[in-house]
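Naming convention: chains lettered A, B, ... in sequence-line order (proteins, then strands); numbering from 1 in each chain.
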Amino acid sequence: MASIYDNIRAALEVKLSGISGLPEVAWENLTYSPTTGTSFVKPRLVPTVREPAVRGLNPQIYYQGIFRVDCFVPEGLGPAAADDLADKIIDAFEATTDVTNGSTNVSIRYAEREQGMPDGSFFMVPVNISWYIYS
Amino acid sequence: MFKTVFTSSYDKKMDMLEERLAEEIGNKLDNLAADATTVSGRSTYPLDTGAYVNSFSMTKNSEGAKRSVSSEGLSTGSLSQRQGYEKLKSDIANIATVQNLRSIQQINLINAAPHALDVERGENWQSPGYMVFATLRDIGIR
């Protein structure tokens with residue numbers, strides 16, 4: 001039986017990879033060599049909370065965390081490409097969206113971006129998608 | 001007609017409520033300080049020199065950062081998480097007072113370490129950051 005985190009990750013990653021016009025994806029813990037001048041995104045699952053949802057024996061468990069998607073675009077071409085990419089991802093994971101994969105239903109609390117910054121030969125804008133699930 | 005004047009006891013009750021409010025704000029900020037210096041209490045980021053964790057400060061309104069510790073020249077374990085936490089507790093003692101209740105517009109948690117951005121976001125595209133502030137934002141003040 002897959003762990004709950006495998007199911008959460010699968011739901012979020014399937015949703016991400018289904019976004020129209022998404023560039024290459026540097027999946028977590030897989031070898032990836034970016035090509036200079038080519039945009040890519042780098043997702044990461046960051047669990048932050050695991051706690052009983054109610055008191056008593058064998059309680060339902062509440063899980064919460066961040067699905068972080070770093071958006072990399074070529075440096076020196078202005079912020080528009082990174083902004084567009086971040087907007088696409090935020091739109092796909094808008095707050096109150098339910099992301100479903102099989103029997104796993106992950107709910108989105110909020111999706112927001114941070115300030116962009118130069119990163120090597122890229123310009124990077126981080127997008128934080130907060131999720132939760134009861135299981 | 002029968003009349004009772006509560007002025008004296010009312011003032012005492014208000015004073016007591018203000019003291020409790022200041023204490024409760026202090027408790028919430030203390031939880032935030034504990035989370036900030038341990039990231040949700042699970043030590044999810046490794047302590048190296050301790051420069052980052054000792055660069056947190058908590059300020060009110062438009063006050064700037066109170067401390068910035070560079071890791072340059074420090075060996076592993078030079079400064080502890082406990083020391084960083086105690087510094088924040090000292091900041092909180094100056095913020096969460098009855099006298100400050102009506103003058104505070106905002107409270108700021110700042111990390112002014114020279115490498116704070118690298119800790120948050122990672123260095124270069126290959127090294128992931130520890131997302132300390134993003135995690136604190138996600139779990140909220142408990």
- When you check the side-chain N and O atoms of E114(A) and N128(A), is any donor under 3.5 Å from an acceptor? yes
- Message: Regarding T104(A) and N101(A), do their side chains bring together a donor and an acceptor under 3.5 Å, going by distance alone?
- Response: no
- Examine whether an atom of Q115(A) lies under 4.5 Å from a heavy atom of chain B, and if so say whether it belongs to the side chain, the backbone or both; otherwise answer neither. both
- Regarding S130(A) and D138(B), is there a side-chain donor-to-acceptor distance under 3.5 Å anywhere? yes
- Query: Given the options D70(A), V46(A), I66(A), which has more heavy-atom pairs under 4.5 Å with chain B than any of the others?
  - Reply: I66(A)
- Query: Going by distance alone, is a donor N or O of one side chain under 3.5 Å from an acceptor N or O of the other, for Y130(B) and D118(B)?
  - Reply: no
- Most heavy-atom pairs under 4.5 Å with chain B, out of R109(A), K42(A), R68(A), belong to R68(A)
- Task: Among G65(A), A26(A), G120(A), single out the residue with the greatest number of heavy-atom pairs under 4.5 Å to chain B.
- Result: G65(A)
- The interface call for P118(A) against chain B, heavy-atom contacts under 4.5 Å, is neither
- Query: When you look at CG of N58(A), are more than 12 heavy atoms from neighbouring residues, nucleotides or ligands closer to it than 6.0 Å?
  - Reply: no
- chain B contact via Y32(A) - which portion, at a heavy-atom distance below 4.5 Å: both
